[in-house]
Amino acid sequence: MTLGIGVIGTGMIGQDHIRRITDVLAGGRVVAVTDADRSRAETAAEKPGATVHDDAASLIAAPEVDAVLICSWGPAHEEAILPALAAGKPVFCEKPLAPKQDACLRIIDAEVKLGRRLIQVGFMRRYDTAYRALKETLAAGKVGAPLMYHAAHRNASVPADLYTSDMAISDTMVHDIDVARWLLDDEVARVRVMAGRRNSVGGDLRDPIFSVMEMQGGVLATVEISVNIGYGYDIRGEVSGETGTIELAEANPVVLKAGDGFSGRVPADWRERFIDAYDREIAAWIEAASAGGATGPSAWDGYAITAVSDAGLRAAETGEAVEVHLVDRPDIYA
């Protein structure tokens with residue numbers, strides 16, 4: 001069986017997923033697309049031969065659509081997810097699940113009423129080979145219990161006319177929030193965000209920032225976010241344990257030694273660094289959706305990350321540590 005996939009949102013990430021499903025992966029076919037910009041949707045639909053729909057509702061209702069892949073902007077996610085759940089169609093939703101906690105909770109309530117998971121949220125680092133090796137090594141007890149987790153997320157640059165100071169937390173750090181929760185198998189209890197000397201390249205942008213998350217189990221997770229660092233897209237992660245440390249290796253496959261020096265390539269952007277992770281992520285979703293279910297990051301993960309992000313935004317404004325308050329986790333997300 002080939003999974004008929006309807007894609008909502010055909011911007012950059014939507015187009016990349018359409019390419020991935022059409023040219024790289026097996027088991028799925030893009031049969032329908034929709035976008036607020038119809039001409040963009042028509043262009044995206046050409047290669048897979050997909051039908052272009054006027055809106056999300058008609059795409060979800062189409063009988064040839066077995067599963068829905070949502071790549072629209074965050075505030076539109078809820079209005080696409082709820083009808084898909086009502087139709088019993090598996091959903092892949094790019095982050096965020098929803099930008100507001102109340103919307104996340106409405107989505108969770110709808111999924112809980114179904115009694116089974118149908119939603120996978122797009123936090124692709126869980127599918128990255130290096131991050132998986134980090135988690136597996138930690139789980140094997142090679143360094144004892146984890147005591148601290150240190151992360152860095154560095155972008156060469158961000159678009160000055162689109163990127164705001166809040167996005168460093170709500171759009172960039174959310175990946176590090178997810179990794180900390182997943183890697184340590186724990187929730188964030190409180191978060192603090194500090195900003196020191198600003199990078200002059202970013203103008204008035206609050207950049208860089210440094211966050212400290214206190215996990216419920218006592219582990220500290222620190223995150224540096226630098227979004228105008230110039231030299232490339234550099235993702236770092238290190239666990240400090242009782243008897244040693246584990247860290248992500250450099251992503252470049254070779255080190256060049258020449259001219260009295262040595263060098264290695266730094267990825268240019270997120271697409272280069274995580275292209276394989278995106279492939280594995282969507283492949284896992286297609287397999288689970290074809291069986292009528294979901295895998296990977298859940299709606300609960302999406303809600304918890306939004307809650308931590310909200311606390312981080314308040315912490316950045318006040319300079320104080322802010323508590324993270326979560327509702328009780330439903331059993332289907334255990």
Side-chain angles (χ1 to χ4, degrees), residues 5-18 21 30 32-37 40-41 44 53-62 65-114 117-126 162 164 166-167 169-175 177-178 270 278 281-282 285-286 288-289 293-310 313 326-327 330 332-333:
I5 299 169
V7 178
I8 300 173
T10 56
M12 180 170 58
I13 188 65
Q15 292 174 34
D16 199 43
H17 284 326
I18 290 171
I21 294 165
V30 176
V33 301
T34 188
D35 192 277
D37 183 342
R40 185 166 64 185
H53 289 258
D54 291 332
D55 52 40
S58 64
L59 179 145
I60 293 165
V65 172
D66 303 311
V68 180
L69 195 156
I70 300 172
C71 301
S72 52
W73 74 311
H77 288 179
E78 181 186 10
E79 65 187 46
I81 293 172
L82 293 180
L85 291 178
K89 297 186 178 184
V91 173
F92 180 93
C93 180
E94 276 297 347
K95 60 92 175 170
L97 176 67
K100 301 293 184 182
Q101 292 181 57
D102 57 352
C104 292
L105 290 173
R106 286 191 292 269
I107 291 168
I108 285 175
D109 286 344
E111 191 173 37
V112 167
K113 287 178 181 177
L114 291 175
R117 279 192 57 193
L118 282 182
I119 300 169
Q120 178 177 337
V121 185
F123 289 100
M124 77 294 176
R125 292 191 187 183
R126 299 188 186 198
L162 298 175
T164 66
D166 284 355
M167 290 173 68
I169 297 170
S170 63
D171 190 62
T172 301
M173 197 175 87
V174 289
H175 285 291
I177 296 169
D178 178 63
W270 53 270
Y278 278 108
E281 172 190 52
I282 298 300
W285 174 67
I286 289 173
T295 187
S298 67
W300 173 263
D301 294 313
Y303 155 67
I305 292 163
T306 295
V308 177
S309 173
D310 285 350
L313 290 171
L326 302 176
V327 301
I332 69 168
Y333 305 116

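Just so it is clear, the values below take in all heavy atoms, side chains as well, and ignore hydrogens, waters and symmetry mates.
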Interatomic distance, Ser72 atom OG to His77 atom NE2 [nearest 0.5 angstrom] | 4.0 Å
Would you sort out whether Arg125 and Asp178 count as a side-chain contact (heavy atoms from CB on, under 4.5 Å), showing the intermediate values?
-> CA-CA 9 Å; Arg125 292 191 187 183; Asp178 178 63; 5.7 Å; no
Side chains of Glu94 and His17: donor-acceptor distance under 3.5 Å anywhere?
-> yes
State, yes or no, whether a side-chain contact exists between Trp300 and Ile332 at a heavy-atom distance under 4.5 Å.
-> no
Report yes or no: does Asp301 contribute a side-chain atom to a donor-acceptor pair with the main-chain N or O of Ser298 at less than 3.5 Å?
-> yes
Side-chain (Ser309) to main-chain (Ile305) donor-acceptor, under 3.5 angstrom = no
To the nearest 0.5 Å, how far apart are CD1 in Ile13 and CD1 in Ile18?
-> 10.5 Å
Least distance between heavy atoms, Asp310 atom then Gln101 atom = OD2-NE2, 2.9 Å
Contacts of Ala288 meeting side-chain contact (heavy atoms from CB on, under 4.5 Å) (sequence neighbours excluded), chain-then-number -> Thr295
Heavy atoms of Gly302 and Cys104 approach each other most closely as O-SG, 4.3 Å
Taken in chain and number order and not counting sequence neighbours, the residues that satisfy side chain to side chain donor-acceptor pair (under 3.5 Å) with Thr306 are none
Asp171/Lys95 salt bridge by N-O under 4.0 Å criterion | yes
If you measure from CG on Leu69 to CD on Gln120, what distance do you get to the nearest 0.5 Å?
-> 9.5 Å
Under 3.5 Å, side-chain donor or acceptor atoms of residues 82-89 against the rest of the protein: list the pairs with distances, not counting sequence neighbours.
unit_1 : atom_1 : unit_2 : atom_2 : d
Lys89  : NZ     : Ile60  : O      : 2.5
Lys89  : NZ     : Ala62  : O      : 3.0
Lys89  : NZ     : Val65  : O      : 2.8

Residues Ala56 and Ala80: closest non-hydrogen pair is CB-CB, 4.4 Å
List for me each residue that meets side chain to side chain donor-acceptor pair (under 3.5 Å) alongside His175, sequence neighbours excluded, and say none if there are none.
-> none
In Å and rounded to the nearest 0.5 Å, what is the CD1 to CD1 distance from Ile108 to Ile119?
-> 8.0 Å
d(Ile70 CD1, Leu97 CG) to nearest 0.5 Å is 9.0 Å
Any donor-acceptor N/O pair, Tyr303 side chain to Val327 backbone, under 3.5 Å | yes
With sequence neighbours excluded, tell me which residues meet side chain to side chain donor-acceptor pair (under 3.5 Å) with Trp285.
-> none
With side chains defined as the heavy atoms from C-beta onward, is the minimum distance between Asp166 and Leu313 less than 4.5 Å?
-> yes
With distance as the sole test, does Asp35 use its side chain to make a donor-acceptor pair with the main-chain N or O of Thr10 at under 3.5 Å?
-> yes
With rounding to the nearest 0.5 Å, note down the distance linking CZ in Phe92 to CD1 in Ile5.
-> 10.5 Å
Are any side-chain N or O atoms of Ser58 and backbone N or O atoms of Asp55, one a donor and one an acceptor, separated by less than 3.5 Å?
-> yes
By side chain to side chain donor-acceptor pair (under 3.5 Å), which residues pair with Glu111, not counting sequence neighbours?
-> Tyr333
Residues Ala67 and Ala289: closest non-hydrogen pair is CB-CB, 4.2 Å
Closest heavy-atom pair and its distance - Leu59, Gly6 | CD2-CA, 3.8 Å
